[in-house]
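Hydrogens, waters and symmetry mates are skipped; everything else that's a heavy atom, side chains included, is used. What you see is a predicted model, and the numbers here were worked out from it, not measured in a lab.
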Amino acid sequence: MTHLYEHCRRALGLRRMAWVVGCAALVITSGAQADQRAKIEAIEGTVISTELSGRIAKLPFRPGDSFKKGAELAELDCTLYHAERDRVSAQLQSARKTLENRRRLAELRSIGKLEVDLAELAVRESSAEQRIASINVKRCSINAPFSGRVVKLHSRQGQSVKAQEKLMEIVGSDLEARVIVPARWLSWIEKDQGVELAVEETGETVSGKVTRIGAAVDPVSHTIPVWASLKESSSLRPGMSGVARFPDRPDSTSTE
């Protein structure tokens with residue numbers, strides 16, 4: 001960079017605007033080869049909502065708490081849904097016994113085929129209702145779809161909620177860095193290339209590798225986004241920023 005600024009100084013001494021413009025372009029070009037700004041993002045994240053109406057019996061995690069995949073994030077009071085499942089289970093048993101009886105009567109030619117068919121349909125209907133009731137009982141417990149942390153709670157324990165109402169917002173523990181790089185870097189940047197991220201908030205340097213390259217170039221800025229997965233670190237959080245360096249990028253002197 002020193003020789004670039006010296007070149008600009010000499011051009012200014014000559015007071016030639018063409019040289020000034022050229023120097024500015026040269027400095028910008030060199031700057032584009034420098035390390036790039038990056039933002040840390042969570043690979044996974046979602047808003048947890050309930051599929052049923054009911055009262056929240058358990059809400060064990062608070063904002064900032066971490067959890068593992070499969071952990072119970074919330075539980076609804078399932079008394080009513082348990083009772084409904086028991087009712088349809090008894091109804092199914094009754095329908096099956098009725099079917100058995102009508103089949104025996106049909107063998108004795110005491111009833112026709114229509115009565116047997118109707119009894120079979122009643123069994124199928126009761127069986128479907130039992131499956132629905134069992135699904136609703138399972139929905140009373142909401143488990144984590146991935147490992148991560150709680151970002152925000154939208155409900156409280158003991159609160160009555162409606163179906164599809166938000167309970168909490170969560171993010172995954174797997175993080176990646178989003179880096180905006182010059183479009184001409186496409187000539188050498190590729191998937192699995194190494195990245196070093198200097199995190200501003202913590203002062204640490206985290207290594208990673210390129211996982212995805214943007215599908216389109218911004219026609220105004222002539223840049224393209226690149227995503228890099230990061231090695232797990234307990235101190236990293238989504239929203240942190242830093243400077244990304246690509247150790248394998250060509251030397252700036254060879255690309256000028």
Side-chain angles (χ1 to χ4, degrees), residues 1-12 19-46 63-67 146-152 169-256:
M1 292 294 292
T2 302
H3 72 282
L4 295 176
Y5 286 108
E6 179 62 23
H7 194 55
C8 289
R9 188 185 65 78
R10 293 174 181 175
L12 288 172
W19 277 99
V20 173
V21 173
C23 289
L26 191 59
V27 171
I28 293 173
T29 299
S30 180
Q33 298 294 337
D35 302 335
Q36 302 296 306
R37 297 289 303 172
K39 180 180 179 181
I40 296 178
E41 301 174 344
I43 296 177
E44 297 173 302
T46 188
D65 287 344
S66 60
F67 53 82
F146 46 77
S147 297
R149 287 186 173 88
V150 177
V151 177
K152 182 180 181 181
E169 181 181 348
I170 62 173
V171 293
S173 54
D174 292 331
L175 304 176
E176 62 183 2
R178 183 175 185 270
V179 190
I180 303 299
V181 303
R184 67 172 170 276
W185 282 20
L186 290 172
S187 63
W188 57 266
I189 200 168
E190 58 186 15
K191 188 177 179 180
D192 294 328
Q193 201 157 33
V195 179
E196 292 182 357
L197 178 66
V199 184
E200 292 183 347
E201 288 80 0
T202 64
E204 65 179 310
T205 298
V206 184
S207 60
K209 62 179 180 180
V210 175
T211 55
R212 307 193 317 279
I213 299 175
V217 173
D218 187 311
V220 177
S221 63
H222 297 287
T223 59
I224 190 167
V226 172
W227 289 268
S229 62
L230 302 175
K231 288 188 177 181
E232 186 174 349
S233 173
S234 59
S235 61
L236 295 183
R237 298 289 189 277
M240 287 183 173
S241 58
V243 177
R245 186 173 70 86
F246 295 81
D248 296 330
R249 74 176 174 86
D251 187 86
S252 60
T253 57
S254 64
T255 57
E256 290 178 359

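Pairing each heavy atom of Ile40 with each of Arg237, the nearest pair is CG2-O, 3.7 Å. Residues Lys231 and Val206 come closest through the heavy atom pair O-CG1, 3.8 Å. Annotation for Val179 and Ala38: closest pair CG2-CB, 3.7 Å, computed over non-hydrogen atoms. Closest approach of Arg245 to Asp35, counting heavy atoms only: CG-OD1, 3.2 Å. The minimum heavy-atom distance between Ile224 and Ala183, with the atom names listed, is CG2-CA, 4.3 Å. Across every non-hydrogen atom of Leu197 and Gly242, the tightest pair is CD1-C, 4.0 Å.
The ring pair (Phe, Tyr, Trp, His ring centres under 6.0 Å) test applied to Phe146 returns no partner, not counting sequence neighbours.
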Report task. Determine, step by step, whether Ile170 and Val151 satisfy the side chain to side chain contact (heavy atoms under 4.5 Å, CB included) criterion, reporting the C-alpha distance in whole Å, the side-chain angles of both residues, the deciding distance to 0.1 Å, and the verdict. Result -> CA-CA 5 Å; Ile170 62 173; Val151 177; 5.7 Å; no
Report task. Could you give me the CA-CA distance, side-chain angles and deciding distance for Gln36 and Trp185, then say whether side chain to side chain contact (heavy atoms under 4.5 Å, CB included) is met? Result -> CA-CA 12 Å; Gln36 302 296 306; Trp185 282 20; 3.7 Å; yes
Query raised in the report: How far apart are the C-alpha atoms of Arg178 and Val226, what are their side-chain angles, what is the distance that settles it, and do they pass the side chain to side chain contact (heavy atoms under 4.5 Å, CB included) test?
Result: CA-CA 6 Å; Arg178 183 175 185 270; Val226 172; over 6 Å; no
Query - Residue pair Val217, Thr223: steps toward the side chain to side chain contact (heavy atoms under 4.5 Å, CB included) verdict - result: CA-CA 6 Å; Val217 173; Thr223 59; over 6 Å; no
Requested in this report: List the steps, then state whether side chain to side chain donor-acceptor pair (under 3.5 Å) holds for Glu232 with Ser173.
Outcome: CA-CA 8 Å; Glu232 186 174 349; Ser173 54; 5.4 Å; no
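When side chains are defined from C-beta on, Thr205 does not count as touching Val199, because their heavy atoms never get closer than 4.5 Å. Under the 4.5 Å side-chain criterion, counting only non-hydrogen atoms from C-beta, Lys209 is not in contact with Val195. The shortest side-chain heavy-atom distance between Pro247 and Gln193 does not fall under the 4.5 Å cut-off.
The pair Glu169-Arg149 does not count as a salt bridge, with every side-chain nitrogen at least 4.0 angstrom from each carboxylate oxygen. Between Glu176 and Arg212, at least one side-chain nitrogen of the basic residue sits less than 4.0 Å from a carboxylate oxygen of the acidic one, meeting the salt-bridge criterion.
Side-chain contact annotation: Glu200 with Ser241, donor-acceptor N/O pair under 3.5 Å present.
Checking side-chain atoms of Glu41 against main-chain N and O of Leu175 turns up no donor-acceptor pair under 3.5 Å. Although no hydrogens or angles enter the test, the distance criterion places a donor-acceptor pair under 3.5 Å between the side chain of Thr211 and the main chain of Trp227.
The CZ atom of Arg249 sits 10.5 Å away from the CD1 atom of Ile189 when rounded to the nearest 0.5 Å. For the atom pair CG (Asp174) and OG (Ser147), the distance works out to 8.0 Å, reported to the nearest 0.5 Å. Rounded to the nearest 0.5 angstrom, Ser229 OG and Ile43 CD1 are separated by 6.5 Å.
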